[in-house]
Amino acid sequence: MMVRLRRQQQQRKGRTQQICLIQQIKTSQGPPAGVPTTLVPPQDTTMKSEAMKCLVAILRSMGDWMNKQLRIPDPASPIVESEKNDNDGGNELPQTDNNGDESSEASDSHSELSNGISEAASLEQRRAYKMELQEGISLFNRKPKKGIEFLVKASKVGESPEEIAAFLKSASGLNKTMIGDYLGEREDLSLKVMHAYVDSFEFQGMEFDEAIRAFLQGFRLPGEAQKIDRIMEKFAERYCKCNPKAFSSADTAYVLAYSVIMLNTDAHNPMVKNKMSPEDFIRNNRGIDDGKDLPEEFMRSLYERIWKKEIKMKEDEFDPQQQQSTSSNKILGLDNILNIVVRKRGSSMETSDDLIKHMQEQFKEKARMSESVFYPATDVVVLKFMVEVCWAPMLAAFSVPLDQSDDEIVISQCLEGFRSAIHVTAAMSMKTQRDAFITSLAKFTSLHSAADIRQKNVEAIKAILLIADEDGNYLQEAWEHILTCVSRFENLHLVGEGAPPDATFFALQQPDLDKSKQAKSSILPVLKKKAPNAASASKRGSYDSAGVGGKASGVDQMNNEVTSLLEQVGIAEMNRVFVRSQKLNSEGIIDFVKALCKVSMEELQSASDPRVFSLTKIVEIAHYNMNRIRLVWSSIWHVLSDFFVTIGCSENLSIAIFAMDSLRQLSMKFLEREELANYNFQNEFMKPFVVVMRKSRAVEIRELIIRCVSQMVLARVNHVKSGWKSMFMVFATASYDDHKNIVLLAFEIIEKILREYFPYITETESTTFNDCVNCLIAFTNSRFNKDISLNAIGFLRFCAAKLAEGDIGSSRLKDNPTSNSNPPSPHLASDGKQEGAVLADKDDHIHFWFPLLAGLSELTFDLRPEIRKSALQVLFDTLRNHGHLFSLPLWEKVFDSVLFPIFDYVRHAIDPSGSSPQGQSVENDPAELDQDAWLYETCTLALQLVVDLFVRFYSTVNPLLKKVLSLLTSFIKRPHQSLAGIGIAAFVRLMSSAGSMFVDEKWLEVVLSLKEAATETLPDFTYISSGAYLQNVPTENGGSSEQREDESQPLENDNEESARSRNLYFAIGDAKCRAAVQLLLIQAVMEVYNMYRAQLSAQNTVILFEALHAVATHAHKINSDNDLRSKLQELGSMTQMQDPPLLRLENESYQLCLTILQNIFLDSAPNHGSTEVVESHLIGLCKEVLQVYLTTARPAQLSSGTQPLGHWLIPVGSSKRRELAARAPLVVATLQAISGLGDSSFEKNLGQFFPLLAGLISCEHGSSKVQVALSDMFSTWVGPLVLQSC
């Protein structure tokens, strides 16, 4: 029973406290209307006043207790600034000095004396040296900068940054905190020392956390966030330089370093209750690797190593209490910085029913243990619960008296209550409650209804400004209400001074919209004339309905009294809001910028009175906050970048110009900051120029952007690093512009940049070379002026020369940027080789060549002959002049990716027939004319240049012979006479130039490619011989004519006839083309064989013979097909072919085969193993030729015996006799070849030849030369053998 009574007492006590607070609120509001009260009016007023004071005191007490628990500094304290600077040290790790045993005796060598000095004197000097060194170290531990100056002046440390860095790294006795502070300074010497200090570490092969451990052993990170930023920025660069494949960029290492520090603090500091899980760590770092996630295995491994082993230094003599304070401050600071990348994980202060129940159980449990014990609150969540219960009555308690009363004391108490309530709700992240208080207070300013402004409204304005100054870090989205009040105040201030509105300066101007219709709805509408009654709707306006773009309601009724009231605040107090933005923390400034952009957008959206007040303030606050750490500034700029893009694309030309000029000013200021290698800040900063350049439809804006970029280059070229990427993207976009002036202006600037500032383009960011090349390639496609295209091609030649010289990434011309950097006139560039060049086939140079060479390669398809010719010349001049720098792998890529693709169009897109059907003229077809021009000019020249290039660098590229032969063969195999002729000519050119350098293996590749070409180009008469052209052809609608007898017969017959004619014409054209190609190929083979007969081995020559013999056999097969010949004769008007159709091809093929075998037989040694094989081929060929001749000469009637032997069966002048005459030279050569076999071979094979020879005696001939050759053979060889046998 007693326990139950105690519990009830405790519960009643808690309820009593809550009831007391609510009762105070009710008392301050007074009794409800109609409720009787026993108090007289003075008593009632006093009671309300006291209750209000009590309520404000409670809120103030809540705020003070919350400040203590959350370590929020008191804004009224005069030492806030110094404490804030100290708290910024939270961006470091809990580290202590490393009092190692290393001795500074290494520097004692500076005091070594000659042998002539006594030992005592030497000892005294060494003692004095150490005393002076200790004095310098002591001074350094108090004031690092003066300490370094003292040590350098006393010759204890060298003057170079490297020597100072080595001293800081190795000397004992130095305060680690002071070392960190000195390294973080932004003075020139300190910055160089820091760079040298970081560069002294070798992180090759080290895990990321191990590198941080090693790096942070020698000093403590400084307390100022900007100092930490500079050090960690350099660390990230050094780590990526030592491990180039670890991350995609230094930005990733930079963000991850902060995240690792935060994880270390989270994992090993006992003050952190809710520990970060691996999933939290991975989620917080998503997208940091250039928009992609780091591997999950890597992140988990990194998490586990940090969790198991804390990153810390050896402990020094820190007071434990001081260490605990420092650690807590570090947590807050690190949390601030990390939250710029990823917003805080779930707040520990969120309302939770489970948490409330848990706390209630704790209170009940403690109440059971003891009676009448006071339990002080330690968890700030308790305060949040209290505010959630009573915030609405509080709001009413402050709002009603403030609205109804004019008493200064009451107004002061209400405003104080608003300030305290906003402070508590903002710091506790109670969004709904915070916004309710701020919105109500903003309404009480009456800035939306100028005629109603009284003294209490001015006090409300002052309270708003004070809240912005004191609680800006916690306002978040509520900044919009405060900045809206500031905007309205400025508008009223201008009206009071009689200044004209902004709209008068932004007169409506219609930009050039490319003759396209404007959209009816726009984010930023163009200015319109104000309606006559726009500002006289009502005397008292609504806060929510009153925008910031036009006049506030009642502006016309402003009198001198209102103006004098507003002067109590002053425009300077308003500007203080923006000046103080640089004091906001990392999260606060981002919220401030977002809100300001939103307010500015509302100002500019006004259809009647657009204003640029907030737009100008955006420029100011960007300037004020530009020196923040890069991680914070990147987040700020992400917001501002989208804003400037939206404004820059406005249809209101004046506003867009104003925005772009503002962006130019910020860019000029930002480019004053030095950017280290491998960072991308400048590129990100200048991206709005690129986006607006692409999206804006106003010519004036695009021209302005080009001029802005030009000014930045001229004024800040020394500082431009990654910004070159965006600049070249702007110029590349301009190259495709529809207005000629834009293109000319952009190229004029590009020309100046390349002539005067080329060394700066690739000084630290060698990848910008590709951006420059891509920009020039874009200008080569200019359709306005071919001179621009030609000059751009000339500058590509210049870029190639610089790349070959090894100037990419070189900084040797930094002191004299214009010396030897001006390119020659693009049309007069030298073709000579570059002297003194270094090899350019390193891994970091290979990818530089391909954008340049591939761009030139694509230009060979340009429709303009001048451009094609110039591009082709520059491409091959570049390869010819700098090819000696290339390795075989690089050459292989050049041939595969640059040179061979030039001919893809030829090999796949040109009409295989090589001509047009009968009756269809192409004289007026522009596409056909362009194709022919490209074919006979560019293609022919390009193929010759490829061959010449291969021959020039044959010693390096000889393994690529097979690929080159494949290219030439692909030309020859195409059933297009012109293409085949080009390919055969190039083949002969290659053989004549490089054949002397071929070894037997290379000749094997040559003869095999010739064999392939000969086989693939055999004429095909199958379509004609099969009679397919006489059959019904399917119509376009499907089915044959026989299946569509019920339809219109005349139309059907016409379609069939047309289809048959097309197919027949194609088949005849293809066969004729292949025959012509084979004749050209045989002639080329003969020419090559005659040149290099001595170098060809017997085996390779036999392969060549087999290829030619296949051609001859196929031709004979066609010629002996009487049915085919009859059909061809019937189609004589269409075919225009001789009879037999392939007689010349057959004769020349057999003739060349005979010549090759004779030469092999004559050139081979008597006992050579291949002689028998060659002799066998030769005998078989001779028999085949004689048999073909006899078959042709002996008519079919001869076997019947019905005709007298003395009668000539083949009429004189007939086609048969002409055919025999054409075959006679081959028969004569065959008889001579048989006679040249030699005595033994002739005698051995005479039995095989004798029947054929006898047949030659009895048959008719078309030429007497056969009979003469036959007579010579019998008299010279056969007769003696016969007589000898007798």
Query raised in the report: Side chains of Leu294 and Phe247: does their closest heavy-atom pair fall under 4.5 Å?
Result: yes
Query - Phe208 and Asn243, any side-chain heavy atoms less than 4.5 Å apart - result: no
N/O donor to acceptor pairs below 3.5 angstrom from side-chain atoms of residues 1003-1013, sequence neighbours left out:
unit_1, atom_1, unit_2, atom_2, d
Ser1009, OG, Glu1005, O, 3.3
Ser1009, OG, Val1006, O, 2.6
Glu1012, OE2, Lys973, NZ, 2.9

Query raised in the report: Are the side chains of Phe895 and Lys963 in touch, meaning some heavy atoms are under 4.5 Å apart?
Result: no
Query raised in the report: How about His884 and Phe953: are their ring centres within less than 6.0 Å of each other?
Result: no
Report task. Using modelled atom types only, decide if a donor and an acceptor are shared between the side chain of Ser726 and the backbone of Gly723 within a distance under 3.5 Å. Result -> no
Report task. Give a yes or no on whether the backbone of Ser1097 and the side-chain of Thr1101 come within a donor-acceptor separation of less than 3.5 Å. Result -> yes
Report task. Step by step, work out the ring-ring contact (aromatic ring centres under 6.0 Å, His included) result for Phe758 and Phe798. Result -> CA-CA 10 Å; Phe758 184 83; Phe798 166 73; 5.2 Å; yes
Query raised in the report: Does Tyr760 reach the side chain of Val720, with side-chain heavy atoms less than 4.5 Å apart?
Result: no
Query raised in the report: What's the spacing between Gln682 CD and Ser722 OG if we round to 0.5 Å?
Result: 4.5 Å
Query raised in the report: Should Leu856 and Thr780 count as side-chain neighbours, where that means a heavy-atom distance under 4.5 Å?
Result: no
Query raised in the report: Under the 3.5 angstrom rule, does the side chain of Tyr954 hit a backbone N or O of Leu961 as a donor-acceptor pair?
Result: no
**Report entry** salt bridge (charged side-chain N to carboxylate O under 4.0 Å, His left out) between Lys869 and Glu866, intermediate numbers included
**Finding:** CA-CA 5 Å; Lys869 181 178 179 181; Glu866 302 90 342; over 6 Å; no
Query - Tyr736 (side chain) donor-acceptor with Asn781 (main chain) under 3.5 angstrom - result: no
**Report entry** Aromatic ring pairing His882/Trp849, orientation class (parallel under 30°, perpendicular over 60°, tilted between)
**Finding:** tilted
Query raised in the report: Angle class for the Trp724/Phe728 ring planes (parallel below 30°, perpendicular above 60°, tilted otherwise)?
Result: parallel
Query raised in the report: Out of curiosity, Thr969 OG1 to Phe987 CZ, how far, rounded to the nearest 0.5 Å?
Result: 7.0 Å
Report summary line: Residue set satisfying side chain to side chain donor-acceptor pair (under 3.5 Å) with Lys241, at least two apart, ordered chain then number -> none
Query - Over 12 foreign heavy atoms within 6.0 Å of NZ, Lys1002 - result: yes
Report task. Kindly say whether Phe861 contributes a backbone atom to a donor-acceptor pair with the side chain of Arg868 at under 3.5 angstrom? Result -> no
**Report entry** Heavy-atom check, side chain of Phe731 versus side chain of Phe779, under 4.5 Å
**Finding:** yes
Requested in this report: Go through the structure and list residues passing ring-ring contact (aromatic ring centres under 6.0 Å, His included) with Phe876, not counting sequence neighbours.
Outcome: none
Requested in this report: Begin with the C-alpha distance, continue with both residues' side-chain angles, and end with the deciding distance and a verdict on salt bridge (charged side-chain N to carboxylate O under 4.0 Å, His left out) for Arg880 and Asp948.
Outcome: CA-CA 9 Å; Arg880 185 165 50 248; Asp948 293 344; over 6 Å; no
Requested in this report: Give a yes or no on whether the backbone of Leu899 and the side-chain of Ser857 come within a donor-acceptor separation of less than 3.5 Å.
Outcome: no
Query - Arg797 side chain to Thr878 side chain, donor-acceptor N/O pair below 3.5 angstrom - result: no
**Report entry** Exercise: do Asn774 and Asp771 side chains pair donor with acceptor under 3.5 Å
**Finding:** no
